[in-house]
Amino acid sequence: ADKISLIPQDFFAELCEQIIQHLNHKIPGINTAELCQRIQTSGIEINAGDLAKIANIFSFLFSTAARNNLSTEELVITLGNAVSTLPKHALQVIRHVWNEQGKSISVSEDARNRASVGQFVDMKWKLGVAMSSDTCRSLRFPYVAVTLSVADPSGQVTDKSFEMSIPQFKNFFRQFKEMAAVLETV
Amino acid sequence: MAAPEQQPPPPEGSKLLSGLLSGIAQTTYYGNADITEELLRGQLYPEAAPEEFRALRAKMGGLLQSIASADMDLNQLEAFLTAQTKKQGGITSDQAAVIAKFWKNHRVKIHESLISQSRWDNVLKNMNWRVDLKSQSRHVDQINTPVAIVEMELGRNGKVGPCERVITV
């Protein structure tokens, strides 16, 4: 709870917004890493792990409340003793967010069915050439480095990075082309 | 081509040197730890004294290292080996020929091995995919949406990594 007090009101509101949108299947994931970076830039000392935990807590809170069709007051009661530990501005945000959007959340079984599959969010790539190394002065090895942003079922977005040699990349590209062709015809 | 100063070594000499170079490549570039110095000496130069063999192995290993590190092409190789034949305590032109032949045959494989020694990040080891069609869903907007599921195996340096399964639409 003390970590929650660190988060300024507008960032906390944004976090809750993202959580609600994720529960409504409007966005694939909650980008806590990106949000954390912005919070840190504004001078607040909070780490991504803590922010992720906080996101999980409120995701659970909101989804439970949605499943049980709680009103705003009932939601606040559910918080129980925690209410006194939460900063006033956080409570305000929770009340506001729930008033506006609480009714619209329909929590489905989908998330549980997709337990082992993450959702693709974004892909970044770069083409590099490894010129030289301690074992070989003249490497001259071109490669493609890719970072995939994937949202796990709880909404947490993580980045997976890997490299491919040019032949490997050509195969990678060909597989996606085949996939795209099949997706068109299905 | 420099005239040999001594009697041309018996064909065995070339075969032995070639064997030595292979053995060096096995440990240094192909990761085969079983090929020890003792093993090589026993198999190829059983009559040689250990220090003598060590010196030979070190010399040949050093030459191979220089060639591999610069990933020499044929021109560079010829210039390099010719210079080595002219050096004090260098190599004979027959040895140069053996080394040249060895490098021509092993260049690509050794270079690839050096490349993989320098790749420390995750590498895409394997990839499988499937296209599903969602026919039923509580969310109307997801009905009849084709979905591609991709399974990627990421790993590094021979270790098997986690399998990432990713859904894309």
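Only this structure's heavy atoms are used, side chains among them; waters, hydrogens and symmetry mates stay out. Per chain, numbering begins at 1; letters A, B, ... match sequence-line order. Computed from a prediction, not measured in an experiment: that's the story for all the values here.
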query: So what's closer than 4.5 Å to chain B heavy atoms on A/Glu184: side chain, backbone, both or neither?
result: neither
statement: Taken to the nearest 0.5 Å, the spacing of B/Glu52 CD from B/Glu47 CD works out to 10.5 Å
- request: Answer with yes or no whether the side chains of A/Thr147 and A/Asp159 bring together a donor and an acceptor at under 3.5 Å.
  value: no
message: Assess, by modelled atom type and distance only, whether the side chains of B/Tyr29 and B/His111 contain a donor and an acceptor separated by less than 3.5 Å.
response: no
query: Does the ring centre of A/Phe62 sit less than 6.0 Å away from the ring centre of A/Trp98?
result: yes
message: Between A/Gln101 and A/Glu17, do the side chains contain a donor N or O and an acceptor N or O under 3.5 Å apart?
response: yes
- prompt: Does any heavy atom of chain B fall under 4.5 Å from the side chain of A/Ser161, the backbone, both, or neither of them?
  reply: backbone
message: Please classify the contact between A/Phe172 and chain B as side chain, backbone, both or neither, with a heavy-atom cut-off of under 4.5 Å.
response: both
- prompt: Non-hydrogen atoms of chain B under 4.5 Å away: do they reach the side chain of A/Gln175, the backbone, both or neither?
  reply: both
- prompt: Measuring heavy-atom distances to chain B, does A/Ser165 have an atom under 4.5 Å in its side chain, in its backbone, in both, or in neither?
  reply: both
- prompt: Where on B/Ala68 is there a heavy atom nearer than 4.5 Å to chain A: the side chain, the backbone, both, or neither?
  reply: backbone
